Amino acid sequence: MKNRNTIIFSSLSLLLLLTLLLNISMGQVAIPMKEVFRSLFGGHASKETWEYIIVNFRLPKAITAILVGIGLSISGLLMQTLFRNPLAGPYVLGLSSGSSLGVAFVILGAGFLPAVFSQFLLSSYGIILASCIGSLLVLLMILIVSQRLRDTMSILIVGLMFSSFTSAIVSVFTYFSSAEQLQKYTFWSMGSIGNLSWQNISILAVAVFIGLGFSLLSLKPLDTLLLGENYAKSMGLNIKKARYIIIFATSILAGSITAFAGPIAFIGLAVPHLGKLLFQTSNHKVLYFATLLIGAVIMLFCDMISQMPGFDFTLPINAITSIIGAPVVIWLIVRKKSIQ
Amino acid sequence: MSSNKIILSTSNLSIGYQSKKGNHTIAQNLNLTFEEGKLISLVGGNGIGKSTLLRTVTGIQKPLSGTVTLNEKDIHLYTTLDLAQNLSLVLTEKLPPSNLTVFELIALGRQPYTNWLGKLSTDDLEKINQAITLTHIEHLIDKKHHEISDGQLQIVLIARALAQDTPLIILDEPTTHLDLFHKVSVFKLLKKLSQETNKCILFSTHDIDLAIQLSDEMIVMTENSVEQDQPCNLITKGIFNTLFKDSSITFDGEKGKFVVS
């Protein structure tokens, strides 16, 4: 079993490296792999434009894709165990809608506030803050509801209701906002990982790493929770504390990513299942790294599809993840046994 | 009666629920003692309050009055972690779906002792292997926990509690849903464990005839009283006749079982 895991892990790491290189080489301007390799590892590409494209566009985009893939997948993994529900994920439970509401509030509502506030709110910090608060609020509400409802199916339905509720409020906001604000919001909501500056990426990276760190702290509690909350308590787990850490980790992951890249569907739901399917385990130490690698690979892959070579336009990433993710989830449910 | 060490005792314990309308008392003035090396069964009809009693002696629910003392300390003064090192549980609830193997499930019993990442030390592995050997489930350890039968799963859950290495193990109806063969093997296993490991094992059950044959002591809950004694003494006292309201169910003390007339 140990050997099998090592083999899968090494192949996944190789696959990640490969997709990373492929991702950087592909795009409207195709750059040969050899040149990508050379400019990534300290050398100079033979054309200056290539190097410029790689350093200023391709590399930041690839890193964003990796951060987004990792963060969303890990937050999905945490939520699936916390809610004991294979269908939990940042998108399904309304976290992304919560973020959307926060961002909509800022982008579309900032006009109503004095200029000093609106300037801060419309900066990237303001948008991240709003997005994190939005997802945190939704998660807290779901948690409160989940303590009254033992049935996990109802929690999921409540999550869906929160989604519709927040989208309704966003619609109300859009009704009262200007065309310019509306455009800004619409672009945000289609999801994009392409136009982040290096500065933005470092903010996102810090947020994601904080989230990953807290997730690392909750690996043992998550394993304990596999037997249900009553057993977990009898084995000495401080459920409240564990729950707060998990919630904090998921909301900072889902919140910061949604702030920068827009609401991206299905990654958080599907990737943990692929990890469980591949490694045939529930051990969170294994699943953590599995989910991390698979999330990064899938997100890089989706990004490649969103800007297929030969087309001079980029499809919204959110559409691609849904087109790939939805069938994967359906397939998983049909295969029912693997959805444990 | 004997010089065994008392693991858990209750003094003047009243159990029940607090609500806005006032207290709903289920049983009061309970003075029970659980000694090491004893297999003790808790019997009583449905809805008589067995679960409430178990919840109270495990510290999950606060007593209305009186105290529960575990290892000479009030059970409510323990931290969750300390309690987990003194008391382990086997519950009736269904396990959530997961890919846990039997070995991993038993290893979770070591959680109160492992570091923040849950890494198993050699000592932990030794305790896990001991639990596996004692329960004779060596052939199951690589299977997923959802692949084995209900009877096997029950034994695996007992092994998990053993791995938790506590002086007291409490089981909530460990033999429900099992056929006679598996009921008997679970009972015999519990008996063996209480003798070989010197742990105190308390369990609730509806299999009264089996409990009479195998327990060292029994706690019989009826609407009016809660009695703790050795099974033969309880039979002499005629307690079992008061167990059910229906007068057509009587206990035949000679045969040691219930008769429907």
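So that the names make sense, note that chain A is the first sequence line, chain B the second, and so on, each numbered from 1. For clarity, every value in this text was computed on a predicted model and none was experimentally measured.
Scanning residues 150-159 of chain B against chain A with a 4.5 Å heavy-atom cutoff picks out B/L157, ordered by number. Below 4.5 Å, heavy atoms of chain B meet heavy atoms from A/L216, A/L217, all part of residues 204-217 of chain A. Contact residues of residues 102-109 of chain B toward chain A are B/E104, B/L105, B/L108, B/G109 (heavy-atom distance under 4.5 Å).
Contact count against chain B (heavy-atom pairs under 4.5 Å) is highest for A/N230 among A/N238, A/D223, A/N230. Across B/D82, B/L91, B/L95, the residue that shares the most heavy-atom pairs under 4.5 angstrom with chain A is B/L91.
Rounding to the nearest 0.5 Å gives a distance of 13.0 Å between OG of B/S98 and CD of A/Q80. With values rounded to the nearest 0.5 angstrom, B/L117 atom CG is found 6.0 Å from A/K285 atom NZ. Separating the OG1 atom in A/T281 from the CG atom in B/L100 is a distance of 7.5 Å, to the nearest 0.5 Å. Interatomic distance, CG of A/L226 versus NE2 of B/H145, reported as 8.5 Å (0.5 Å rounding). In this structure, CE on A/M235 lies 13.0 Å from CG on B/L83, to the nearest 0.5 angstrom.
Counting heavy-atom neighbours within 6.0 Å of A/K241 NZ, excluding the residue itself, gives a total of 12 or less.
Within the 4.5 angstrom heavy-atom criterion, atoms from both the backbone and the side chain of B/L89 approach chain A. Only the backbone of B/N115 has a heavy atom closer than 4.5 Å to any heavy atom of chain A. In this structure, the portion of B/R160 lying under 4.5 Å from any heavy atom of chain A is its side chain and not its backbone.
Residue pairs meeting the ring pair (Phe, Tyr, Trp, His ring centres under 6.0 Å) criterion with at least one member in residues 104-132 of chain B: none, sequence neighbours excluded.
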- Message: Between B/Q111 and A/L237, is the side chain to side chain contact (heavy atoms under 4.5 Å, CB included) condition met? List the steps.
- Response: CA-CA 8 Å; B/Q111 290 262 354; A/L237 179 69; over 6 Å; no
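In summary, the side chains of A/Q280 and B/N99 do not present any donor paired with an acceptor at a separation below 3.5 Å, with no hydrogens or angles considered. A side-chain N or O of B/T114 and one of A/K220 form a donor-acceptor pair less than 3.5 Å apart.
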